[in-house]
Amino acid sequence: KTAYEMLRSLVGSEMCIRDSPMYYEEMEKEPGITVVKNLKELSVRAINYNMQINAKDNPYIYSGKLDGNGIPPDFFADPDVRWAFTHAWDQKTYLKDIIKGNGTDVATPIVEGLPYYNPDIVKKRPAFDLKKSEEHLRKAFGGQLWARGFQVDFLYNTGNEVREASMKMLAENIMSLNPKFKINVRGVEWATYVDLQRQRRMPIYYIGWGADFPDPDNFANPYMYSQGLYGGRCGYNNPEVDRLIEQGAVELDPAKRKQIYYRLQEIWLEDNIGIVQHQPIKRHHFKDWVKGYVFHPMENEFMYSQFRKEY
(Lines give C-alpha, C1' and ligand atoms only; values in the text may rest on other atoms or scores of the structure.)
Protein backbone atom coordinates (compact mmCIF):
# COMPACT_ATOMS: atom_id res chain seq x y z
CA LYS A 1 0.00 0.00 0.00
CA THR A 2 1.03 3.60 -0.55
CA ALA A 3 1.31 5.91 2.45
CA TYR A 4 -1.97 7.58 1.47
CA GLU A 5 -3.78 4.23 1.12
CA MET A 6 -2.63 3.28 4.61
CA LEU A 7 -3.88 6.61 5.97
CA ARG A 8 -7.20 6.21 4.19
CA SER A 9 -7.68 2.76 5.68
CA LEU A 10 -7.54 4.35 9.15
CA VAL A 11 -10.30 6.87 8.50
CA GLY A 12 -13.03 4.51 9.64
CA SER A 13 -11.35 3.51 12.88
CA GLU A 14 -9.26 6.42 14.13
CA MET A 15 -10.59 9.58 15.77
CA CYS A 16 -7.76 11.64 14.23
CA ILE A 17 -5.34 11.14 11.36
CA ARG A 18 -2.04 13.00 11.79
CA ASP A 19 -0.71 12.67 8.28
CA SER A 20 1.98 14.07 6.01
CA PRO A 21 1.42 17.50 4.41
CA MET A 22 1.81 15.72 1.07
CA TYR A 23 -1.63 14.16 1.66
CA TYR A 24 -3.62 16.95 3.31
CA GLU A 25 -5.64 17.73 0.20
CA GLU A 26 -6.48 14.08 -0.41
CA MET A 27 -7.53 13.50 3.18
CA GLU A 28 -9.89 16.46 3.03
CA LYS A 29 -11.89 14.76 0.26
CA GLU A 30 -12.84 11.93 2.65
CA PRO A 31 -16.39 12.01 4.06
CA GLY A 32 -17.05 12.56 7.76
CA ILE A 33 -13.85 14.50 8.39
CA THR A 34 -13.44 17.82 10.22
CA VAL A 35 -10.27 19.71 9.31
CA VAL A 36 -8.46 22.07 11.70
CA LYS A 37 -6.06 24.25 9.68
CA ASN A 38 -3.29 26.83 10.03
CA LEU A 39 -1.72 25.40 13.17
CA LYS A 40 1.71 27.03 13.33
CA GLU A 41 3.95 25.05 15.63
CA LEU A 42 6.93 26.18 17.68
CA SER A 43 9.08 23.70 15.80
CA VAL A 44 11.55 23.59 12.94
CA ARG A 45 12.78 21.22 10.23
CA ALA A 46 16.35 21.26 8.96
CA ILE A 47 19.08 19.35 7.14
CA ASN A 48 22.23 19.10 9.23
CA TYR A 49 25.75 18.80 7.83
CA ASN A 50 27.96 16.32 9.68
CA MET A 51 31.43 17.88 9.78
CA GLN A 52 33.07 14.99 11.67
CA ILE A 53 31.63 11.80 10.20
CA ASN A 54 32.41 8.64 12.13
CA ALA A 55 34.23 6.57 9.51
CA LYS A 56 34.47 3.32 11.49
CA ASP A 57 32.52 0.55 9.73
CA ASN A 58 30.62 3.22 7.82
CA PRO A 59 29.23 2.00 4.47
CA TYR A 60 27.54 5.33 3.74
CA ILE A 61 30.82 7.08 2.90
CA TYR A 62 32.16 4.10 0.90
CA SER A 63 35.97 4.32 0.68
CA GLY A 64 36.07 7.07 3.29
CA LYS A 65 38.58 8.90 1.11
CA LEU A 66 38.70 11.70 -1.44
CA ASP A 67 39.39 9.25 -4.25
CA GLY A 68 36.22 9.39 -6.33
CA ASN A 69 34.83 6.29 -4.62
CA GLY A 70 33.66 7.81 -1.34
CA ILE A 71 33.99 10.90 0.82
CA PRO A 72 36.40 11.62 3.68
CA PRO A 73 35.07 12.07 7.25
CA ASP A 74 35.71 15.83 7.06
CA PHE A 75 33.83 16.24 3.77
CA PHE A 76 31.36 18.79 5.17
CA ALA A 77 34.05 20.50 7.25
CA ASP A 78 35.16 22.15 4.01
CA PRO A 79 33.13 25.38 3.81
CA ASP A 80 33.03 25.18 0.02
CA VAL A 81 31.31 21.82 0.18
CA ARG A 82 28.69 23.17 2.58
CA TRP A 83 28.10 26.27 0.46
CA ALA A 84 27.80 24.14 -2.67
CA PHE A 85 25.08 22.00 -1.11
CA THR A 86 23.29 25.00 0.40
CA HIS A 87 23.16 26.76 -2.97
CA ALA A 88 21.84 23.53 -4.51
CA TRP A 89 18.83 23.60 -2.18
CA ASP A 90 15.68 24.77 -3.99
CA GLN A 91 13.61 26.31 -1.20
CA LYS A 92 10.75 27.47 -3.43
CA THR A 93 10.20 23.99 -4.84
CA TYR A 94 10.40 22.51 -1.36
CA LEU A 95 7.77 24.86 0.08
CA LYS A 96 5.43 24.64 -2.92
CA ASP A 97 5.73 21.07 -4.19
CA ILE A 98 7.09 18.97 -1.34
CA ILE A 99 5.31 20.33 1.75
CA LYS A 100 2.50 21.87 -0.34
CA GLY A 101 2.68 25.27 1.35
CA ASN A 102 2.19 23.84 4.83
CA GLY A 103 5.10 25.67 6.40
CA THR A 104 6.64 29.11 6.62
CA ASP A 105 10.11 29.98 5.41
CA VAL A 106 12.57 30.37 8.26
CA ALA A 107 16.33 30.59 7.79
CA THR A 108 17.66 29.58 11.21
CA PRO A 109 16.51 27.27 14.02
CA ILE A 110 15.11 30.23 15.99
CA VAL A 111 11.58 30.32 14.60
CA GLU A 112 8.74 32.82 14.50
CA GLY A 113 6.86 33.02 17.80
CA LEU A 114 9.97 32.71 19.96
CA PRO A 115 11.35 35.74 21.80
CA TYR A 116 14.13 37.48 19.86
CA TYR A 117 13.22 35.94 16.52
CA ASN A 118 14.65 38.23 13.83
CA PRO A 119 11.94 38.66 11.16
CA ASP A 120 14.46 40.08 8.68
CA ILE A 121 16.91 37.17 8.81
CA VAL A 122 15.00 35.10 6.25
CA LYS A 123 15.88 37.73 3.62
CA LYS A 124 19.49 36.57 3.99
CA ARG A 125 18.73 32.93 3.16
CA PRO A 126 21.32 31.76 0.60
CA ALA A 127 19.81 31.65 -2.87
CA PHE A 128 19.19 28.53 -4.92
CA ASP A 129 21.93 29.04 -7.48
CA LEU A 130 23.56 26.08 -9.24
CA LYS A 131 26.22 28.32 -10.79
CA LYS A 132 27.39 29.31 -7.32
CA SER A 133 27.14 25.69 -6.25
CA GLU A 134 29.43 24.68 -9.10
CA GLU A 135 31.89 27.44 -8.25
CA HIS A 136 32.21 26.16 -4.69
CA LEU A 137 32.50 22.53 -5.79
CA ARG A 138 35.33 23.45 -8.13
CA LYS A 139 37.17 25.10 -5.20
CA ALA A 140 36.46 22.42 -2.59
CA PHE A 141 39.47 20.50 -1.30
CA GLY A 142 41.75 22.64 -3.46
CA GLY A 143 40.05 21.52 -6.68
CA GLN A 144 40.50 17.81 -5.99
CA LEU A 145 36.81 17.14 -5.39
CA TRP A 146 35.76 18.38 -8.82
CA ALA A 147 38.51 16.41 -10.56
CA ARG A 148 38.00 13.13 -8.69
CA GLY A 149 34.30 13.17 -7.89
CA PHE A 150 32.72 11.42 -4.91
CA GLN A 151 30.19 8.79 -3.86
CA VAL A 152 27.98 8.96 -0.78
CA ASP A 153 24.65 7.76 0.60
CA PHE A 154 21.94 10.14 1.83
CA LEU A 155 19.42 8.49 4.12
CA TYR A 156 15.85 9.14 5.19
CA ASN A 157 13.57 7.23 7.52
CA THR A 158 11.41 4.87 5.49
CA GLY A 159 7.85 6.07 5.03
CA ASN A 160 8.67 9.75 5.46
CA GLU A 161 8.00 10.91 1.92
CA VAL A 162 8.82 14.55 2.64
CA ARG A 163 12.32 13.61 3.73
CA GLU A 164 12.70 11.22 0.82
CA ALA A 165 11.67 13.88 -1.71
CA SER A 166 13.94 16.45 -0.04
CA MET A 167 17.02 14.25 -0.18
CA LYS A 168 16.34 13.26 -3.77
CA MET A 169 15.93 16.89 -4.85
CA LEU A 170 19.20 17.93 -3.22
CA ALA A 171 21.05 14.87 -4.58
CA GLU A 172 19.78 15.38 -8.13
CA ASN A 173 20.75 19.04 -8.14
CA ILE A 174 24.30 18.25 -7.03
CA MET A 175 24.69 15.32 -9.44
CA SER A 176 23.53 17.49 -12.34
CA LEU A 177 26.74 19.50 -12.03
CA ASN A 178 29.30 16.75 -12.59
CA PRO A 179 28.86 13.13 -13.74
CA LYS A 180 31.55 12.13 -11.25
CA PHE A 181 29.25 13.03 -8.35
CA LYS A 182 27.23 10.01 -7.18
CA ILE A 183 24.67 10.28 -4.39
CA ASN A 184 22.48 7.31 -3.50
CA VAL A 185 19.28 8.14 -1.62
CA ARG A 186 17.78 5.28 0.34
CA GLY A 187 15.52 4.62 3.28
CA VAL A 188 16.26 2.96 6.60
CA GLU A 189 13.98 2.14 9.52
CA TRP A 190 13.37 4.91 12.06
CA ALA A 191 15.28 3.14 14.84
CA THR A 192 18.29 2.78 12.53
CA TYR A 193 17.99 6.39 11.42
CA VAL A 194 18.13 7.66 15.00
CA ASP A 195 20.94 5.29 15.95
CA LEU A 196 23.06 6.39 12.98
CA GLN A 197 22.65 10.02 14.05
CA ARG A 198 23.83 9.16 17.55
CA GLN A 199 26.85 7.36 16.13
CA ARG A 200 27.60 10.35 13.82
CA ARG A 201 27.67 8.00 10.82
CA MET A 202 25.23 9.85 8.56
CA PRO A 203 26.89 12.47 6.32
CA ILE A 204 23.77 14.65 6.44
CA TYR A 205 20.34 14.14 7.91
CA TYR A 206 16.91 15.77 7.88
CA ILE A 207 15.45 16.06 11.37
CA GLY A 208 13.18 18.33 13.34
CA TRP A 209 12.92 19.91 16.76
CA GLY A 210 9.89 20.99 18.77
CA ALA A 211 9.85 23.35 21.73
CA ASP A 212 10.21 21.94 25.23
CA PHE A 213 9.75 25.51 26.45
CA PRO A 214 9.14 28.68 24.38
CA ASP A 215 12.59 30.24 24.52
CA PRO A 216 15.30 30.60 21.86
CA ASP A 217 17.78 28.78 24.11
CA ASN A 218 15.74 25.62 23.55
CA PHE A 219 16.49 25.87 19.80
CA ALA A 220 19.96 27.42 19.70
CA ASN A 221 21.34 24.91 22.19
CA PRO A 222 20.44 21.68 20.35
CA TYR A 223 21.37 22.98 16.90
CA MET A 224 24.42 25.17 17.56
CA TYR A 225 26.05 24.34 20.90
CA SER A 226 29.13 22.12 20.56
CA GLN A 227 27.67 19.81 23.21
CA GLY A 228 24.08 20.17 21.95
CA LEU A 229 22.03 17.32 20.57
CA TYR A 230 22.53 18.07 16.88
CA GLY A 231 25.55 20.37 17.13
CA GLY A 232 27.43 17.63 18.97
CA ARG A 233 26.36 14.95 16.51
CA CYS A 234 27.52 17.12 13.60
CA GLY A 235 30.91 18.07 15.04
CA TYR A 236 30.13 21.79 14.93
CA ASN A 237 32.30 23.84 17.29
CA ASN A 238 32.46 27.63 17.35
CA PRO A 239 33.76 29.10 20.65
CA GLU A 240 31.83 32.36 20.08
CA VAL A 241 28.61 30.40 19.68
CA ASP A 242 29.22 28.35 22.83
CA ARG A 243 29.93 31.51 24.80
CA LEU A 244 26.80 33.27 23.51
CA ILE A 245 24.57 30.27 24.20
CA GLU A 246 25.90 29.97 27.74
CA GLN A 247 25.36 33.71 28.30
CA GLY A 248 21.89 33.73 26.75
CA ALA A 249 20.69 30.90 28.97
CA VAL A 250 21.28 32.93 32.16
CA GLU A 251 21.02 36.56 31.02
CA LEU A 252 18.05 38.42 32.54
CA ASP A 253 18.25 41.70 30.63
CA PRO A 254 15.89 41.44 27.59
CA ALA A 255 17.95 43.93 25.56
CA LYS A 256 21.12 41.90 26.07
CA ARG A 257 19.32 38.65 25.30
CA LYS A 258 18.06 40.15 22.03
CA GLN A 259 21.63 41.04 21.03
CA ILE A 260 22.77 37.50 21.83
CA TYR A 261 20.08 35.69 19.87
CA TYR A 262 20.19 38.09 16.93
CA ARG A 263 23.93 37.41 16.73
CA LEU A 264 23.38 33.63 16.89
CA GLN A 265 20.94 33.84 13.99
CA GLU A 266 23.56 35.70 11.96
CA ILE A 267 26.23 33.13 12.81
CA TRP A 268 24.00 30.26 11.67
CA LEU A 269 24.04 31.76 8.18
CA GLU A 270 27.68 32.88 8.30
CA ASP A 271 28.95 29.43 9.28
CA ASN A 272 26.39 27.69 7.07
CA ILE A 273 25.82 24.98 9.67
CA GLY A 274 22.89 23.42 7.82
CA ILE A 275 19.82 24.11 5.72
CA VAL A 276 16.80 25.20 7.73
CA GLN A 277 13.74 24.28 5.69
CA HIS A 278 10.55 25.39 7.38
CA GLN A 279 8.45 26.01 10.44
CA PRO A 280 5.47 23.64 10.17
CA ILE A 281 1.91 24.77 9.71
CA LYS A 282 -0.05 21.64 10.54
CA ARG A 283 -3.56 20.42 9.90
CA HIS A 284 -5.40 17.80 11.92
CA HIS A 285 -8.11 15.62 10.45
CA PHE A 286 -10.69 14.51 13.02
CA LYS A 287 -13.73 12.33 12.66
CA ASP A 288 -16.65 14.74 12.70
CA TRP A 289 -17.93 13.42 16.04
CA VAL A 290 -14.73 14.51 17.83
CA LYS A 291 -15.19 17.80 19.71
CA GLY A 292 -13.22 19.89 22.17
CA TYR A 293 -9.85 20.15 20.45
CA VAL A 294 -7.75 23.22 21.38
CA PHE A 295 -4.43 23.74 19.62
CA HIS A 296 -1.20 24.45 21.49
CA PRO A 297 1.91 25.50 19.51
CA MET A 298 4.14 23.25 21.64
CA GLU A 299 1.87 20.28 21.06
CA ASN A 300 3.71 17.01 20.54
CA GLU A 301 0.98 14.65 21.66
CA PHE A 302 -2.71 15.29 22.18
CA MET A 303 -4.09 15.96 25.64
CA TYR A 304 -6.86 13.42 25.30
CA SER A 305 -8.78 14.72 28.32
CA GLN A 306 -9.93 17.68 26.18
CA PHE A 307 -11.83 15.50 23.71
CA ARG A 308 -15.44 14.47 23.83
CA LYS A 309 -17.69 12.47 21.53
CA GLU A 310 -20.65 14.38 20.19
CA TYR A 311 -23.01 13.61 17.29
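Since the structure is predicted, the reported quantities are computational estimates derived from the model, not experimental observations.
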Treating [X] as the side-chain partner and [Y] as the backbone partner, does any N or O pair qualify as donor plus acceptor under 3.5 Å?
X	Y	answer
Asn160	Arg163	yes
Glu251	Asp253	yes
Arg200	Gln52	yes
Gln265	Tyr261	yes
Trp190	Gly159	no
Arg201	Asp57	yes
Gln279	Glu41	yes
Arg45	Gln277	no
Asn184	Asp153	no
Asn54	Gln199	yes

Whether the [X] and [Y] side chains hold a donor-acceptor pair (N or O, under 3.5 Å, no angle test) is what I'd like checked.
X	Y	answer
Asp271	Tyr236	yes
Asn50	Arg233	no
Asp97	Thr93	no
Thr86	Tyr49	yes

key: Non-hydrogen atoms of Asn38 and Ile281 that approach each other most closely   = CA-CG2, 3.5 Å
Any side-chain heavy-atom pair from [X] and [Y] closer than 4.5 angstrom?
X	Y	answer
Asn48	Ile204	no
Ile207	Gln197	yes
Leu264	Val241	yes
Ile245	Asp217	yes
Leu244	Ile267	yes
Lys40	Thr104	yes
Phe76	Pro203	yes
Ser43	Val111	no

inquiry  = Can you confirm whether Glu270 is buried at CD, in the sense that more than 12 heavy atoms of other residues, nucleotides or ligands lie under 6.0 Å from that atom?
reply    =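 For Glu270, atom CD is crowded (more than 12 foreign heavy atoms under 6.0 Å).
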message = Would you say that more than 12 heavy atoms from the other residues, nucleotides or ligands in this model lie under 6.0 Å from the NZ of Lys291, or not?
response = yes
inquiry  = Centre-to-centre under 6.0 Å for Tyr116 and Tyr262, is that the case here?
reply    = no
ask   = Aromatic ring centroids of Phe181 and Trp146 under 6.0 Å?
value =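 Between Phe181 and Trp146, the centre distance is under 6.0 Å.
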request  = May I have the step-by-step check of side-chain contact (heavy atoms from CB on, under 4.5 Å) for Phe150 and Leu145, ending in yes or no?
outcome  = CA-CA 7 Å; Phe150 66 86; Leu145 183 64; 3.6 Å; yes
Plane angle bin for [Y] and [X] - parallel if under 30°, tilted between 30 and 60°, otherwise perpendicular:
X	Y	answer
Tyr94	Trp89	tilted
His284	Phe286	perpendicular
Tyr205	Tyr230	perpendicular

task = Report the C-alpha separation of Met202 and Tyr193 in whole Å, then their side-chain angles, then the decisive distance to 0.1 Å, and conclude whether the side-chain contact (heavy atoms from CB on, under 4.5 Å) test is met.
result = CA-CA 9 Å; Met202 279 200 288; Tyr193 191 76; 3.8 Å; yes
When the side chains of residues 122-131 are checked against the rest of the protein, which donor-acceptor pairs come out under 3.5 Å, sequence neighbours left out?
{"unit_1": "Lys123", "atom_1": "NZ", "unit_2": "Asp120", "atom_2": "OD1", "d": "3.4"}
{"unit_1": "Lys124", "atom_1": "NZ", "unit_2": "Glu266", "atom_2": "OE1", "d": "3.3"}
{"unit_1": "Lys124", "atom_1": "NZ", "unit_2": "Glu266", "atom_2": "OE2", "d": "2.8"}
{"unit_1": "Arg125", "atom_1": "NE", "unit_2": "Asp105", "atom_2": "OD1", "d": "3.0"}
{"unit_1": "Arg125", "atom_1": "NH1", "unit_2": "Val276", "atom_2": "O", "d": "3.1"}
{"unit_1": "Arg125", "atom_1": "NH2", "unit_2": "Asp105", "atom_2": "OD1", "d": "2.8"}
{"unit_1": "Arg125", "atom_1": "NH2", "unit_2": "Val106", "atom_2": "O", "d": "2.6"}
{"unit_1": "Arg125", "atom_1": "NH2", "unit_2": "Val276", "atom_2": "O", "d": "2.7"}
{"unit_1": "Asp129", "atom_1": "OD1", "unit_2": "Lys131", "atom_2": "N", "d": "3.1"}
{"unit_1": "Asp129", "atom_1": "OD1", "unit_2": "Lys132", "atom_2": "N", "d": "3.1"}

Working for side-chain contact (heavy atoms from CB on, under 4.5 Å), residues Ile71 and Gln151 = CA-CA 6 Å; Ile71 62 169; Gln151 184 169 359; over 6 Å; no
Quick one: side chains of residues 219-226, donor-acceptor pairs under 3.5 Å with protein atoms, not counting sequence neighbours, listed by atom name and distance.
{"unit_1": "Tyr225", "atom_1": "OH", "unit_2": "Glu246", "atom_2": "OE2", "d": "2.7"}
{"unit_1": "Ser226", "atom_1": "OG", "unit_2": "Asp242", "atom_2": "OD2", "d": "2.5"}

Thr158 and Glu164: CA distance, side-chain angles, deciding distance, side-chain contact (heavy atoms from CB on, under 4.5 Å) verdict = CA-CA 8 Å; Thr158 302; Glu164 179 182 3; over 6 Å; no
